[in-house]
Undergrad: 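This is the structure, below, for whatever I ask next.
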Amino acid sequence: MNIVVAMKQIPDLQQIRIRDRKPVFDNVPFTFGNIDKNALEAAVQIKEAGEANVVALCVGSSDLEDTIKEALAAGADEAKIVIHEGDMESSASAQLIAAAVKKMDAPDLILFGEGSGDNYSSQVGSRVAQILGLPQVGYVSKIEIQDGSAIVTRSLEDSEEVLKVKLPAVISVTADLNRVRIPSVMQILKAGKKPKEVIVENELDIKAIGSMIETRSNLAPEMQRKLIQVKSVEELVQVLNQEGFTGGN
Amino acid sequence: MAQIFVYSEITKLSLELATAAHNLCTAGDSGVCMITINNETQVAELAAQGLRVCNISAPDLNIADTAGMSIALQKAAEQLETSVILLASNRRGKELAGRLAEAWGAGCLTDIKTAQLENDNLVFTRNALNGATVATQLIKSEHKVAAISPRSFPVWNGSGEGSVKTLEVEAPTTIEVLEVRPKAGDTTDIQAADRLIAVGQGVENQADLEVIRKIAQALKAEIACSKPVATDRKWFSEDRIIGLSGKICKPELAITLGISGQVQFMVGIRDSKTIISINNDENADLNKMADYVLAADLNEVLPELARALE
């Protein structure tokens with residue numbers, strides 16, 4: 001079966017600094033979102049249990065040619081990348097991903113992480129499913145492939161649903177689906193030799209990519225806290241008493 | 001003029017959205033329409049708050065079927081002249097938001113914390129960059145889908161008998177539901193707690209949880225944790241994780257025990273009214289974002305605090 005894993009290239013969040021409340025991206029390297037890595041691991045496990053070709057599909061800046069090696073080392077058989085410079089809204093990413101999928105051998109399964117590491121809007125998987133006219137299940141914590149269908153567990157806040165969805169389908173996964181393995185040196189070396197195709201945006205069949213969202217500002221929140229040093233447990237209990245947290249409710 | 005649709009399968013969230021929707025109505029709008037889908041109980045609950053309710057009747061539609069749900073809502077929006085659809089940003093709501101927005105040609109934002117009307121524009125704030133920043137954004141497209149985080153608005157408190165109508169809609173079935181079950185184990189809702197004690201990696205021994213439970217009991221607080229304490233150490237279920245990939249909480253009091261204060265954690269707690277940080281490490285970032293800071297050995301502080309509160 002053909003599995004496509006859509007992965008988003010994001011700045012390494014641990015390395016973003018805040019200056020004058022603004023995020024600073026200078027020299028911050030790119031990586032993939034953690035949950036995207038869970039989605040890829042899920043695909044690799046399906047492949048190991050049966051037979052599958054796993055394609056990592058990414059849209060992003062030209063740095064992708066380098067970042068994509070991470071996905072190839074982690075078990076993807078091949079990579080397709082769509083280069084698009086600059087920030088993109090969820091609707092635009094979805095269009096590019098869906099158009100790229102249409103150009104491939106029809107996938108049986110398209111996997112996403114439940115949300116990207118940086119924006120976390122959780123829209124792209126749902127939008128791609130709509131564009132391609134496929135059924136979808138989000139927040140999946142377990143996947144089993146069975147005769148042309150997937151039996152999946154959707155994990156909601158207070159309940160779980162076991163669902164049967166006919167393939168092809170779009171599935172987005174949660175982080176607790178699996179534990180992502182660390183690639184061996186051998187896998188990292190092999191990654192460079194795996195097939196990697198750059199898809200040119202102009203060659204994709206897409207509507208003009210418009211913008212529906214305007215971002216007015218993106219600033220670190222201001223925290224106004226008292227910052228009072230408490231010297232002892234005794235003082236702490238006094239504070240709790242003063243603030244009314246002891247005694248009744 | 002167009003109206004605002006409100007939909008969540010959970011009545012409490014639906015009533016929070018009703019408050020948000022009434023704040024967003026412009027003078028020219030024809031009001032707020034509460035949508036229910038195949039749910040007579042919810043119709044009654046919403047109408048009892050004096051709200052205008054439209055129940056979508058789609059006999060074959062299952063709520064677990066996101067594609068079908070999206071079609072039902074889109075058809076209703078088209079028939080009833082709607083420009084804005086508010087959904088809850090719980091998991092179901094978020095999954096639905098993207099699909100519905102794509103089908104309806106709408107711009108969409110999720111995880112919204114605040115929503116305001118400014119010169120006829122709907123202006124929202126939401127966390128970005130894993131919570132490091134808060135983005136102020138507006139949806140420019142004619143159709144708008146906005147998914148609002150639980151507990152961002154007070155529950156709508158109305159009275160009188162609202163109106164109810166029914167709309168028949170046909171929606172296809174794309175998935176089969178084999179089983180629905182409550183989540184096993186922990187059912188504590190840390191988001192609903194007024195007081196939280198958050199356990200971090202600075203609490204070194206699992207045996208310390210006993211004394212932490214005593215403190216929690218004395219303060220009538222629930223116990224929550226940072227992510228690694230649940231995912232790596234497995235001391236708690238993942239339902240107790242505070243943070244961007246866990247729960248966003250806004251308690252009156254949050255006491256953090258041995259938590260360094262990484263952005264991913266802080267986003268889940270920074271709206272607390274009072275934050276008290278207790279940490280072995282006096283240089284922990286969280287100590288710079290708390291109201292009260294006690295930098296001392298947790299092994300000594302915890303039993304002493306439990307005794308003092310007894």
Side-chain angles (χ1 to χ4, degrees), chain A residues 13 16 18 23 90-91 94 117-127 129-131 135-139 151 154-165 172 175-176 211-221 223 225-230 233-234 236-237 239-240 243 245-246 249, chain B residues 64 66-67 70 90-92 94-99 101-103 106-111 127-130 132-141 174-183 187 195 219-220 238 244-245 253 270 274-276 288-294 301 304-305 308-309:
Chain A
L13 298 168
I16 296 175
I18 301 286
S90 305
S91 55
D118 55 348
N119 190 34
Y120 226 86
S121 85
S122 308
Q123 287 185 41
V124 178
S126 290
R127 283 185 179 269
Q130 170 63 29
I131 297 170
Q136 71 178 93
V137 184
Y139 302 99
I151 311 289
R154 177 194 269 142
S155 175
L156 295 167
E157 283 83 358
D158 55 1
S159 65
E160 287 180 335
E161 296 169 340
V162 183
L163 308 166
K164 183 174 180 178
V165 55
S172 82
D176 46 9
S211 157
M212 298 194 277
I213 305 292
E214 179 186 319
T215 300
R216 282 199 179 160
S217 65
N218 186 21
L219 299 171
M223 293 273 261
R225 293 287 169 188
K226 295 182 186 146
L227 298 174
I228 296 171
Q229 295 290 325
V230 179
V233 169
E234 200 184 335
L236 179 65
V237 174
V239 165
L240 288 167
E243 299 266 355
F245 292 122
T246 49
N249 204 345
Chain B
T66 306
S70 167
N90 58 353
R91 286 188 163 185
R92 243 197 241 292
K94 280 175 85 166
E95 187 181 334
L96 178 59
R99 182 133 195 163
E102 187 64 42
C108 173
L109 292 172
T110 55
D111 280 334
N127 289 316
L129 294 175
N130 206 11
T133 56
V134 174
T136 303
Q137 297 178 300
L138 53 93
I139 306 178
K140 297 184 292 183
S141 51
T174 67
I175 56 174
E176 189 184 332
V177 180
L178 302 180
E179 189 190 346
V180 179
R181 57 185 179 228
K183 248 187 182 166
T187 54
R195 300 169 186 182
L219 291 171
K220 299 191 167 61
E238 299 195 2
L244 195 73
S245 54
L253 170 67
R270 68 181 170 215
T274 301
I275 299 178
I276 298 177
K288 300 176 199 102
M289 300 179 273
D291 295 292
Y292 300 97
V293 177
L294 176 56
V301 168
E304 207 182 323
L305 182 60
L309 291 172

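All chains are named by letter (A, B, ...) in the order of the sequence lines, taking the proteins before the strands, and each is independently numbered beginning at 1.
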Undergrad: Measuring heavy-atom distances to chain A, does B/Ile276 have an atom under 4.5 Å in its side chain, in its backbone, in both, or in neither?
TA: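 For B/Ile276, the side chain is the part near chain A, not the backbone.
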Undergrad: With A/Leu219, which residues qualify under side chain to side chain contact (heavy atoms under 4.5 Å, CB included), at least two apart?
TA: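 A/Leu219: side chain to side chain contact (heavy atoms under 4.5 Å, CB included) contacts with A/Arg21, A/Lys22, A/Ser217.
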Undergrad: Go through the atoms of B/Asn90 and report whether side chain, backbone, both or neither lie under 4.5 Å from a heavy atom of chain A.
TA: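 Looking at B/Asn90, backbone and side chain both touch chain A.
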Undergrad: Under a 4.5 Å heavy-atom cut-off, does chain B meet the side chain of A/Glu161, its backbone, both or neither?
TA: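 Backbone plus side chain of A/Glu161, per the 4.5 Å heavy-atom cut-off to chain B.
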Undergrad: Is the shortest side-chain heavy-atom distance between B/Leu129 and A/Asn218 below 4.5 Å?
TA: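 Yes, at least one pair of side-chain atoms sits under 4.5 Å.
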Undergrad: With heavy-atom distances below 4.5 Å as the criterion, would you say the side chains of B/Leu253 and A/Glu243 are in contact?
TA: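 Result no, sub-4.5 Å side-chain heavy-atom pair not found.
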Undergrad: Heavy-atom cut-off 4.5 Å, strictly under: side chain, backbone, both or neither for A/Leu236 against chain B?
TA: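 Only the side chain of A/Leu236 comes within 4.5 Å of chain B.
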Undergrad: Would you indicate whether the side-chain heavy atoms of B/Glu102 and A/Ser126 approach each other to under 4.5 Å?
TA: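 When only atoms from C-beta onward are counted, B/Glu102 and A/Ser126 do not touch, as no gap falls below 4.5 Å.
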Undergrad: Which atom names give the shortest non-hydrogen contact between A/Gln130 and B/Ser70, and what distance separates them?
TA: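 Closest heavy-atom pair between A/Gln130 and B/Ser70: OE1-OG, 4.5 Å.
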Undergrad: Would you call A/Asp158-B/Lys183 a salt bridge at under 4.0 Å N-O?
TA: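 Looking at B/Lys183 together with A/Asp158, the answer is no, because their closest N to O distance does not fall below 4.0 Å.
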Undergrad: Given that the side chain runs from C-beta out, which part of B/Ile139 has a heavy atom under 4.5 Å from chain A: side chain, backbone, both or neither?
TA: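 Both parts, backbone and side chain.
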Undergrad: Measuring heavy-atom distances to chain A, does B/Ala290 have an atom under 4.5 Å in its side chain, in its backbone, in both, or in neither?
TA: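 For B/Ala290, backbone heavy atoms alone lie under 4.5 Å from chain A.
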Undergrad: Report the residues that fulfil side chain to side chain contact (heavy atoms under 4.5 Å, CB included) with B/Met289, sequence neighbours left out, ordered by chain and then residue number.
TA: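 Partners of B/Met289 by the side chain to side chain contact (heavy atoms under 4.5 Å, CB included) criterion, ordered by chain and then number, come out as A/Met223, B/Met266, B/Asp285.
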